[in-house]
Visitor: 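Just dropping this structure here.
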2 protein chains.
Amino acid sequence: MSAAALFAPLAPRNREDAARPAPAELPTMYSAGAEIYAQGDRADRLYRVAFGAVRVYRLLADGRRQICAFYLPGEVFGFEVDGRHHFFAEAACASGIAAIRQVSSDEASREHLESALRSLVRAQEHLLVVGRQNALERIAAFLVDMAERQGDLAQFDLPMSRSDIGDYLGLTIETVSRVFSKLRAQGVIRLLGIRSVEMAKPGVLRALCE
Amino acid sequence: MSAAALFAPLAPRNREDAARPAPAELPTMYSAGAEIYAQGDRADRLYRVAFGAVRVYRLLADGRRQICAFYLPGEVFGFEVDGRHHFFAEAACASGIAAIRQVSSDEASREHLESALRSLVRAQEHLLVVGRQNALERIAAFLVDMAERQGDLAQFDLPMSRSDIGDYLGLTIETVSRVFSKLRAQGVIRLLGIRSVEMAKPGVLRALCE
DNA sequence: CGAACGCTTGAGCAAATTCAAGTGCGGTGG
DNA sequence: CCACCGCACTTGAATTTGCTCAAGCGTTCG
């Protein structure tokens with residue numbers, strides 16, 4: 001986050017600026033909320049998160065939003081069908097993102113297939129969380145997932161707002177906040193900062209996900 | 001469904017029987033509820049639905065179930081990561097399913113990548129329905145999707161039980177039933193049979209999905 | 001210092017679930 | 001052929017979970 005702050009003034013204001021410099025694997029800086037691509041955009045490349053976090057989402061006509069996935073450092077996103085993006089992608093916080101030219105080498109395309117399939121499994125697993133778990137279980141699953149994807153340490157960051165978490169889990173920000181408070185009151189988690197969490201009782205959290 | 005009834009006595013009782021005959025593209029018969037593969041199974045092939053319908057799902061420890069996807073005739077499923085299935089697949093009704101040997105020809109693998117990406121888009125779109133729409137909107141979205149995938153005719157089949165629909169949409173069977181009744185009472189749909197629907201006012205249904 | 005924003009907390013409310021009957025249909029057996 | 005049984009579905013009433021609306025808090029930034 002401090003690195004992000006350093007780079008922030010250089011961040012592109014919008015997608016046009018960002019689309020320009022794509023020399024293979026050099027990360028481009030995006031400030032929090034900056035658009036990476038929009039639904040309907042032509043798609044000709046994949047992206048890899050260098051640092052920060054990306055939210056991929058979809059909207060209903062009245063503004064309701066569902067975040068389908070977060071992508072964290074090292075992860076690849078931006079798959080499309082029929083050459084068009086079907087979702088929006090934005091930086092969830094100040095982030096560095098490298099464009100990957102679509103190469104047709106066997107090795108690279110197999111790697112991309114792997115990434116796409118991993119996203120598919122993740123999305124379908126997430127469907128179970130959103131479709132069948134209650135608020136407490138959803139938050140627990142989210143925290144466990146975030147921890148595992150950041151090296152499975154007891155302490156880790158939440159590189160997104162409560163509103164993003166709500167829209168990812170199909171909850172309101174109020175419910176997210178209440179569940180965080182409840183878990184903190186029970187000593188299951190500690191909030192070191194508003195976006196920094198320590199899992200005090202990982203066993204309890206994991207049990208909640210079943 | 002009548003064809004299904006004819007074949008039903010030949011259907012395999014379980015996965016072992018079904019796994020046997022896989023000469024390229026000849027469909028194997030599965031009776032309603034028959035398992036195609038289980039979570040954790042080794043995966044070495046894809047499947048294409050010839051007729052009927054397949055449900056792909058996941059379970060929580062206490063038995064709660066989330067159906068991640070239905071696959072209808074012509075559609076391909078069975079993608080895996082790390083050579084293992086991460087979900088269960090069963091016939092939702094009497095069905096014919098052809099195994100596809102994993103071929104490494106460029107053309108075939110690109111086709112499979114396409115199928116996998118289409119599943120990914122579908123799963124992420126479904127996340128929006130389950131995470132952010134109410135019961136009425138979910139059923140409407142489901143009906144519109146089913147109609148479109150069966151040729152977009154006014155009249156079409158629901159090749160699965162209310163319980164399957166509920167577990168797909170993250171609702172109870174009671175809520176599914178109530179919403180069907182409400183739509184019928186409002187003249188938006190007609191129920192020709194318990195599993196046969198006619199969209200009387202497609203515009204209303206589509207508007208509900210936004 | 002004040003405004004804005006993101007987050008938290010509380011109270012009342014609404015939507016969907018749970019629990020409980022009841023209905024209808026297909027299949028089986030008398 | 002008809003009665004009965006089982007199962008899937010429907011309907012109703014009470015309950016609960018999470019949402020809406022509203023106010024308050026704390027930090028950041030101008």
Side-chain angles (χ1 to χ4, degrees), chain A residues 1-2 4-5 8-9 31-33 55 60 62-66 92-94 129-140 142 158-185 189 191-197 208, chain B residues 1-2 4-5 8-9 31-33 55 60 62-66 92-94 129-140 142 157-185 189-197 208:
Chain A
M1 208 61 112
S2 53
S31 55
R55 57 177 179 243
L60 289 171
D62 62 3
R64 279 175 288 175
R65 181 179 71 156
Q66 176 67 43
C93 61
V129 174
V130 172
R132 284 294 176 220
Q133 296 195 295
N134 63 32
L136 186 59
E137 293 168 332
R138 292 186 209 192
I139 297 285
F142 173 71
L158 298 178
M160 69 287 289
S161 66
R162 296 290 187 269
S163 158
D164 283 344
I165 297 173
D167 283 350
Y168 178 63
L169 297 175
L171 300 171
T172 59
I173 53 172
E174 292 96 330
T175 299
V176 172
S177 188
R178 273 185 256 271
V179 173
F180 269 90
S181 297
K182 189 177 173 187
L183 288 171
R184 183 167 45 77
I189 60 172
L191 294 175
L192 309 170
I194 200 75
R195 293 189 173 187
S196 181
V197 182
L208 278 171
Chain B
M1 207 64 111
S2 54
S31 55
R55 56 177 179 243
L60 289 171
D62 62 2
R64 280 175 289 176
R65 180 179 71 155
Q66 176 68 41
C93 60
V129 174
V130 172
R132 283 296 178 220
Q133 295 194 295
N134 62 32
L136 185 58
E137 293 168 332
R138 292 187 209 191
I139 296 285
F142 173 71
D157 289 337
L158 298 178
M160 69 287 287
S161 66
R162 296 290 186 270
S163 157
D164 284 342
I165 297 173
D167 283 350
Y168 179 63
L169 297 175
L171 300 171
T172 59
I173 54 172
E174 293 95 330
T175 300
V176 172
S177 187
R178 273 184 256 272
V179 173
F180 269 91
S181 298
K182 189 176 172 187
L183 288 172
R184 184 166 45 76
I189 60 172
R190 267 189 286 275
L191 296 175
L192 309 171
I194 200 74
R195 293 188 174 190
S196 181
V197 182
L208 279 170

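None of the values given here were measured: they were computed from a predicted structure. Residue numbering restarts at 1 for every chain, and letters A, B, ... go by the order of the sequence lines.
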Visitor: I want to verify a distance call: between C/dC7, C/dA16, C/dG10, whose nearest atom is closest to the B/N134 side chain?
Guide: C/dA16
Visitor: Let me know the distance between CG of A/L136 and P of D/dT16, rounded to the nearest Å.
Guide: 17 Å
Visitor: Test your reading of the model: is there a side-chain donor-acceptor pair from A/D164 to the backbone of A/G166, 3.5 Å cut-off?
Guide: no
Visitor: In whole angstroms, how far is the P atom of C/dA15 from the CD atom of B/E137?
Guide: 12 Å
Visitor: Would you kindly give the CD1-to-P distance between B/I173 and C/dA20, to the nearest whole Å?
Guide: 15 Å
Visitor: Picking from C/dC7, D/dC19, C/dT17, which would you name as closest to the side chain of B/R178?
Guide: C/dT17
Visitor: Nearest to the B/L171 side chain among C/dC7, C/dA16, C/dT8, which nucleotide is it?
Guide: C/dA16
Visitor: On DNA chain C, nearest-nucleotide positions of A/R132 versus A/L191: which is more 5'?
Guide: A/L191
Visitor: Examine C/dT17: is either OP1 or OP2 under 4.0 Å from a nitrogen or oxygen in the side chain of B/T172? Give yes or no.
Guide: yes
Visitor: Can you check the B/D62 CG to C/dT17 P distance for me, whole Å?
Guide: 15 Å
Visitor: Could you tell me whether B/T175 contacts a base, only the sugar-phosphate backbone, or nothing, with contacts defined as non-hydrogen atoms closer than 4.0 Å?
Guide: base
Visitor: Closest nucleotide of DNA chain D for A/E174 versus for A/R138: which of these residues is on the 5' side?
Guide: A/R138
Visitor: Between C/dT9, D/dC9, D/dC19, which nucleotide has the shortest distance from any of its atoms to the side chain of B/R162?
Guide: D/dC9
Visitor: When all nucleic acid strands are considered with a 4.0 Å heavy-atom cut-off, which category describes B/S161: base, sugar-phosphate, or nothing?
Guide: sugar-phosphate
Visitor: Between C1' on D/dC19 and CG on A/D167, what's the gap in Å once rounded to a whole number?
Guide: 14 Å
Visitor: Figure out the CZ/C1' separation between B/R184 and C/dT23, and round it to whole Å.
Guide: 13 Å
Visitor: On the ring face of B/Y168, is B/R55 found with NZ or CZ under 6.0 Å from the centre and within 45° of the axis?
Guide: no
Visitor: Please report, rounded to the nearest Å, how far the P atom of D/dG18 is from the CZ atom of A/R64.
Guide: 18 Å
Visitor: Does B/G170 reach a base, just sugar-phosphate, or nothing at all? Heavy atoms under 4.0 Å.
Guide: sugar-phosphate
Visitor: Could you check how far CG of B/L169 sits from P of C/dT17, rounded to whole Å?
Guide: 11 Å
Visitor: To the nearest 0.5 Å, what is the distance between CZ on B/R138 and OG1 on B/T175?
Guide: 9.5 Å
Visitor: So, A/R132 side chain and B/R65 main chain: donor-acceptor pair closer than 3.5 Å or not?
Guide: yes
Visitor: What is the nucleic acid contact for B/S177, judged by heavy atoms within less than 4.0 Å: base, sugar-phosphate only, or nothing?
Guide: base
Visitor: Which of these nucleotides, D/dG12, D/dT20, C/dT8, is closest to any side-chain atom of A/S181?
Guide: C/dT8
Visitor: Can you see which heavy atom on A/Q133 is nearest to which on B/R64, and at what distance?
Guide: CA-NH1, 3.9 Å
